[in-house]
Number of protein chains: 2
Amino acid sequence: MLAQLTRETVAAEQPVLTAHGLTMWGYIVLSALDQSAIRTQATLAESIGADKTRIIPVLDALQNRGYIERIPDPDDRRARLLEITESGRSIKNATQADIQRGEEHWLAQLSAGDREVFLRVLQQLTFG
Amino acid sequence: MLAQLTRETVAAEQPVLTAHGLTMWGYIVLSALDQSAIRTQATLAESIGADKTRIIPVLDALQNRGYIERIPDPDDRRARLLEITESGRSIKNATQADIQRGEEHWLAQLSAGDREVFLRVLQQLTFG
DNA sequence: TATTGTTATACTCTATAACTATA
DNA sequence: TATAGTTATAGAGTATAACAATA
């Protein structure tokens with residue numbers, strides 16, 4: 001059920017992401033960096049459940065468009081401090097607003113109580 | 001969150017499926033056919049969110065092991081009635097029991113109420 | 001001509017291994 | 001020697017298109 005629901009929601013979000021010029025992984029990265037800057041790319045990759053090699057083209061694209069910065073750590077010049085920019089935050093917020101509008105299509109079927117529990121449990125199972 | 005949780009649960013189920021000699025899609029097909037026989041392969045594919053070409057090797061493997069039957073429909077010899085066998089049902093049940101044991105690892109964190117709501121809503125969003 | 005099932009092929013996504021630079 | 005990041009390559013998973021049989 002999880003897999004099928006995921007496929008459906010991903011398919012539904014795709015046009016929204018495309019309209020904002022973002023890929024799924026690009027959006028996930030911006031959302032992760034929106035909460036706090038991250039010191040290494042490997043840490044970011046692990047925190048979003050991706051391979052470290054897989055996010056490199058994603059970071060390249062985001063950086064080229066000025067949505068993130070990759071700042072070499074002065075204390076360890078191998079590592080890159082990853083930070084979202086103002087421009088990155090604003091496109092992330094705009095995209096998120098559109099996506100949440102789309103999610104209403106699903107969530108509207110639920111009672112307020114069911115909806116609260118479902119979202120809270122989903123968060124708990126994913127991050128807890 | 002859905003995508004990440006799906007990846008984690010799929011990864012956790014993989015060893016169980018392998019132990020029973022089933023693939024993820026093989027297990028999904030058996031679960032679908034366990035509820036009722038299905039008249040065409042395309043219908044089955046759509047109902048489980050797969051491509052009709054993608055399930056053919058899956059059906060071949062299941063049939064070779066005697067877990068399903070593909071009976072040509074006498075009224076329309078293009079179509080194949082898909083049915084689970086006794087042997088297919090028993091391996092599906094055994095696998096399902098093991099998987100549910102593994103899911104307890106996740107669900108045990110939840111209160112009885114949260115758990116009931118989450119599973120019910122998940123089902124509703126997926127199939128409703 | 002349209003549909004069911006099938007096969008072959010191409011494409012996308014992902015992971016593995018090898019490389020550079022820093023430590 | 002080990003680690004962060006990168007690149008190139010191979011592998012799995014998936015979708016597209018063309019085919020045979022039947023309607």
Side-chain angles (χ1 to χ4, degrees), chain A residues 2-15 17-18 22-29 32-33 37-64 68-83, chain B residues 2-15 17-18 22-29 32-33 37-64 68-83:
Chain A
L2 274 176
Q4 195 163 341
L5 190 56
T6 300
R7 274 196 304 271
E8 286 171 19
T9 53
V10 165
E13 288 172 10
Q14 199 59 63
L17 292 167
T18 304
L22 289 177
T23 64
M24 178 65 64
W25 283 112
Y27 175 67
I28 292 172
V29 165
L33 293 181
I38 294 182
R39 208 184 65 83
T40 74
Q41 297 182 183
T43 306
L44 168 64
E46 199 197 5
S47 81
I48 62 178
D51 192 275
K52 67 169 181 164
T53 65
R54 200 158 77 198
I55 62 170
I56 290 177
V58 178
L59 297 177
D60 289 346
L62 292 174
Q63 188 177 27
N64 283 340
I68 65 168
E69 282 184 310
R70 277 199 271 203
I71 306 163
D73 182 341
D75 294 344
D76 181 345
R77 299 214 312 285
R78 292 173 305 183
R80 307 292 155 82
L81 179 69
L82 300 170
E83 266 182 358
Chain B
L2 274 178
Q4 196 162 340
L5 190 56
T6 301
R7 274 196 305 270
E8 287 172 19
T9 52
V10 166
E13 289 173 11
Q14 199 59 65
L17 292 167
T18 305
L22 288 178
T23 64
M24 177 66 63
W25 283 113
Y27 176 67
I28 292 173
V29 165
L33 293 181
I38 295 181
R39 207 185 66 83
T40 76
Q41 298 183 182
T43 306
L44 168 64
E46 199 196 6
S47 80
I48 61 178
D51 193 275
K52 66 167 183 165
T53 64
R54 199 158 78 200
I55 61 169
I56 290 178
V58 177
L59 297 177
D60 289 346
L62 292 174
Q63 188 176 27
N64 284 339
I68 65 167
E69 282 184 309
R70 277 199 270 203
I71 306 163
D73 181 342
D75 294 345
D76 181 346
R77 297 215 313 286
R78 294 173 305 182
R80 307 291 156 85
L81 178 69
L82 301 170
E83 266 182 358

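Chain A is the first sequence line, chain B the second, and so forth, proteins listed ahead of strands; every chain is numbered from 1.
With A:Ile48 as the fixed residue, the side chain to side chain contact (heavy atoms under 4.5 Å, CB included) test singles out one of A:Leu33, A:Val58, A:Ile55, A:Ile38: A:Ile55.
Note: CD (B:Glu46) to P (C:dT3) measures 14 Å, nearest angstrom. Separating the CD atom of A:Gln41 from the P atom of C:dT20 is a distance of 19 Å, rounded to the nearest angstrom. If you take CD of A:Gln14 and C1' of C:dT12, they are 12 Å apart, rounded to a whole angstrom.
Counting heavy atoms from C-beta outward, A:Arg70 and A:Leu62 have side chains that stay 4.5 Å or more apart.
A search for side chain to side chain contact (heavy atoms under 4.5 Å, CB included) contacts involving B:Ala37 returns B:Leu81, B:Glu83, not counting sequence neighbours. A search for side chain to side chain donor-acceptor pair (under 3.5 Å) contacts involving A:Thr40 returns A:Thr43, not counting sequence neighbours. Judged as a salt bridge (charged side-chain N to carboxylate O under 4.0 Å, His left out), and not counting sequence neighbours, A:Asp51 has no contacts.
Within residues 48-56 of chain A, the residues approaching DNA chain C are A:Asp51, A:Thr53, A:Arg54, by heavy-atom distance under 4.0 Å. Of the residues in residues 71-81 of chain A, those with a non-hydrogen atom less than 4.0 angstrom from any atom of DNA chain D are A:Arg78, A:Ala79, A:Arg80.
Using a 4.0 Å cutoff to heavy atoms of chain A, the contacted part of DNA chain D runs 5' to 3' from D:dA2 to D:dT7.
Between A:Gly49 and A:Trp25 the shortest heavy-atom distance is O-CH2, 4.1 Å. Scanning both residues, B:Gln4 and A:Ser47, for their nearest heavy atoms gives NE2-O, 3.6 Å.
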Check step by step if side chain to side chain contact (heavy atoms under 4.5 Å, CB included) holds for B:Leu82 and B:Gln63. CA-CA 10 Å; B:Leu82 301 170; B:Gln63 188 176 27; over 6 Å; no
Go through the steps for B:Leu2 and A:Leu2 under the test side chain to side chain contact (heavy atoms under 4.5 Å, CB included), then give the verdict. CA-CA 7 Å; B:Leu2 274 178; A:Leu2 274 176; 3.8 Å; yes
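At the heavy-atom level, A:Arg7 lies nowhere under 4.0 Å from the strands shown.
Here B:Arg78 contributes atom CZ and B:Asp73 contributes atom CG; the two are 10.0 Å apart, rounded to the nearest 0.5 Å.
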